[in-house]
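Contents: one structure, followed by commentary.
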2 protein chains.
Amino acid sequence: MRILLIEDERELADALSVALGKHGVVTDHTMHLADAIELTRQNVYDAILLDRRLPDGEGLTFIPELRRTGTDTPIIVLTARNEPMERVEGLDVGADDYLGKPFLVEELMARLRAVLRRPASLAELHITVGRMVIDPLHLSVTVDAIPLDLPRRELLVLAALAKRKDKTVLRSTLEAAVYNYEEEIQSNALDAHISRLRKRLLDAGAGVAVHNIRGVGYLLKEE
Amino acid sequence: MRILLIEDERELADALSVALGKHGVVTDHTMHLADAIELTRQNVYDAILLDRRLPDGEGLTFIPELRRTGTDTPIIVLTARNEPMERVEGLDVGADDYLGKPFLVEELMARLRAVLRRPASLAELHITVGRMVIDPLHLSVTVDAIPLDLPRRELLVLAALAKRKDKTVLRSTLEAAVYNYEEEIQSNALDAHISRLRKRLLDAGAGVAVHNIRGVGYLLKEE
DNA sequence: CCAGCAAGATTGCAGCAGCATTGCGGAAGG
DNA sequence: CCTTCCGCAATGCTGCTGCAATCTTGCTGG
């Protein structure tokens, strides 16, 4: 589990990092709201722990700001401001839980677990073709729920085809999907990938076919 | 919004019904755990408010009972038993929140809202692969019900793999699961963890295998 | 309808990137 | 002070991948 801790008391933050670490939680720490948004852009956190009093402002303002970016990471507010109405305030701007300082690490962990007991992901994009399911985000492929592992380049080709299944994908598009602009291709490497991919899909009984459109590109469809 | 209130003090229950009613909440009330299960079968509630001290037993026992029926309705425990470790207890048997008496109705409402904002929770508490059961929230692992203790980092790797069993987990995802951004990796530390984890899983006869997908990541599946 | 040709398919091969394994020493915890 | 964990790095190995040679397919014009 990986969390973001937004807290300006260095001592507390360090102690928490250590304590949470013992529970197997990986903690990123920042003292400034300004950095927090950037960090959530760069990393995917399981949860965020947020202090209210921060050097650059009231922590609660961070919540709507974060939600506006479409992130629904659970947020637990940790603060000495623990009057009932202050708790209401915090929960109503979008915090998932509110915990007054001081607190036991045990309780924080329990609240973390409670908040995390929810579906892992938001919108997982799966593409189904034939008996095959492709998750282009996680780069995983299954046939009849059995994982199929493909070499990286073949995987990239397949994902690119799957994203536009039943439609022609230009040869150049495929090349772009597999090679970055630094890598140059001096041969029929792409054709070779297609060939090997076809063989593997056939062996796995994926129920799909990769068709060629002469002079244009390729196309993935059910068999 | 419709909720189920399980509470034996009639006065409090009535007062709450009225107060919640003013917030647009329809309340079903029962004083007995025995009735509660039946009521959840007949109605779909948005949330359940649960007292601990009840005439026919400890309220917390209701939670696993209800969960076993496949219901994932959020549960908020309302109780005078409000010591930190008692709260931990409540949350860990599956309550979504825990609120000590006495409380302001305002706060209860806020917590209700917070709990209802969360996508319905279906996340598995335990993941079974081969002969191994993993609890990613508590980070515990058993093989044939015998606890297996793993070093922290190996545990984190395993939990990350288990959460997406039978699916590829990107190398970078694994790194993020084990290291925070301050910790830098200058070597094949992750590979080493995988290697040692494999050995331990083999020794324990876990019946699982960690596969590598070259250039992509790793994947956990049954042997 | 056929010859000619261009585009694609297939496959062996060699090189090498990525992975597996393991010993070592420092660090942390008891 | 002893044990375990963990990062590091050296070593060996596997199999992906680009290349090129060869074979096949299907389009085209006459």
Side-chain angles (χ1 to χ4, degrees), chain A residues 14-15 17-24 26 139 141 148-161 168-203 209-220, chain B residues 139 141 148-161 168-204 209-220:
Chain A
D14 289 347
S17 286
V18 173
L20 291 175
K22 291 183 182 164
H23 288 272
V26 177
L139 293 178
V141 182
L148 172 66
D149 49 272
L150 296 173
R152 193 169 115 271
R153 303 237 118 124
E154 292 170 36
L155 203 46
L156 293 172
V157 171
L158 179 60
L161 288 170
T168 317
V169 183
L170 297 184
R171 202 189 173 79
S172 59
T173 307
L174 287 177
E175 279 169 5
V178 177
Y179 298 96
N180 75 31
Y181 63 104
E182 288 172 343
E183 297 167 314
E184 214 163 311
I185 275 199
Q186 321 202 345
S187 74
N188 62 345
L190 180 62
D191 305 56
H193 290 310
I194 296 266
S195 171
R196 288 166 183 147
L197 177 60
R198 277 178 174 142
K199 180 155 171 24
R200 276 191 234 262
L201 293 178
L202 190 67
D203 291 349
V210 178
H211 290 277
N212 168 262
I213 284 73
R214 206 156 238 261
V216 184
Y218 292 86
L219 174 158
L220 178 74
Chain B
L139 290 179
V141 182
L148 172 65
D149 48 87
L150 296 172
R152 204 171 54 85
R153 303 237 117 125
E154 291 171 36
L155 202 46
L156 293 174
V157 171
L158 179 60
L161 288 170
T168 317
V169 183
L170 299 184
R171 203 189 172 78
S172 60
T173 306
L174 287 176
E175 278 167 6
V178 178
Y179 299 96
N180 76 28
Y181 71 111
E182 285 173 344
E183 297 169 312
E184 213 165 311
I185 277 199
Q186 320 202 344
S187 75
N188 60 347
L190 180 63
D191 305 55
H193 290 309
I194 296 265
S195 175
R196 288 167 182 146
L197 176 60
R198 276 179 175 142
K199 180 154 172 25
R200 276 190 235 263
L201 292 178
L202 191 67
D203 291 349
V210 178
H211 288 277
N212 169 261
I213 287 88
R214 210 159 238 258
V216 184
Y218 292 85
L219 174 159
L220 178 74

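Naming convention: chains lettered A, B, ... in sequence-line order (proteins, then strands); numbering from 1 in each chain.
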If you define the side chain from C-beta out and look only at heavy atoms, does anything of A:H193 sit under 4.5 Å from A:P151?
no

Phosphate-side-chain proximity, A:Y179 and D:dT17, N/O vs OP1/OP2 below 4.0 Å
no

Under 4.0 Å, heavy atoms only, any strand: does A:D191 hit a base, just the sugar-phosphate, or nothing?
base

Tell me which of A:I194 and B:H211 sits closer to the 5' end of DNA chain C, going by the nucleotide each one is nearest to.
A:I194

List the steps, then state whether salt bridge (Lys or Arg N to Asp or Glu O under 4.0 Å) holds for B:R200 with B:E154.
CA-CA 10 Å; B:R200 276 190 235 263; B:E154 291 171 36; 2.8 Å; yes

What is the separation between atom CG on B:D203 and atom P on C:dT21, rounded to the nearest whole Å?
12 Å

Between A:A192 and B:A189, just flag the one whose closest nucleotide in DNA chain D comes earlier from the 5' side.
B:A189

What about B:N188, does its side chain sit under 3.5 Å from the base of C:dT21 through a donor-acceptor pair?
yes

Distance check needed: D:dC27 C1' versus A:I213 CD1, whole Å only.
15 Å

For A:S195 and C:dA9, is the shortest distance between a side-chain N/O and OP1 or OP2 below 4.0 Å?
no

To check you understand the geometry: which heavy-atom pair defines the closest contact between B:L219 and B:L161, and what is its length?
N-CD2, 4.1 Å

Among A:L148, A:L150, A:D149, find the residue that satisfies the side-chain contact (heavy atoms from CB on, under 4.5 Å) test when tested with B:I213.
A:D149

To check you understand the geometry: which heavy-atom pair defines the closest contact between A:N212 and A:G217, and what is its length?
ND2-O, 3.5 Å

Does OP1 or OP2 of D:dG7 have a side-chain N or O of B:R153 closer than 4.0 Å?
yes

Atom CZ of A:R152 and atom P of C:dG18: how far apart are they, to the nearest Å?
7 Å

Side-chain N or O of B:H193 versus OP1/OP2 of D:dG7: is the shortest distance under 4.0 Å?
yes

Atom CG of B:L190 to atom P of C:dT21: distance rounded to whole Å?
13 Å

C:dG18, D:dC5, D:dG18: which one has an atom nearest the side-chain heavy atoms of B:R214?
C:dG18

Can you measure A:L150 atom CG to D:dT17 atom C1' for me and round it to whole angstrom units?
15 Å

Grab the two heavy atoms, one from B:R198 and one from B:V210, that are nearest each other, plus how far apart they are.
NH2-O, 2.8 Å

A:L197 has an atom CG; how far is it from atom C1' of C:dA9, in whole Å?
13 Å

Is A:R198 side chain donor-acceptor paired with the C:dG8 base, going by distance under 3.5 Å alone?
no

Check the distance between D:dG15's P and A:D149's CG and give it to me in whole angstrom.
11 Å

Nearest whole Å is fine: how far is C:dG18 P from B:E175 CD?
13 Å

B:Y218 side-chain N/O to C:dG18 phosphate OP1/OP2 under 4.0 Å:
no

Phosphate-side-chain proximity, B:R171 and C:dC19, N/O vs OP1/OP2 below 4.0 Å
yes

Any donor-acceptor N/O pair under 3.5 Å between D:dG7 base and B:R196 side chain:
yes

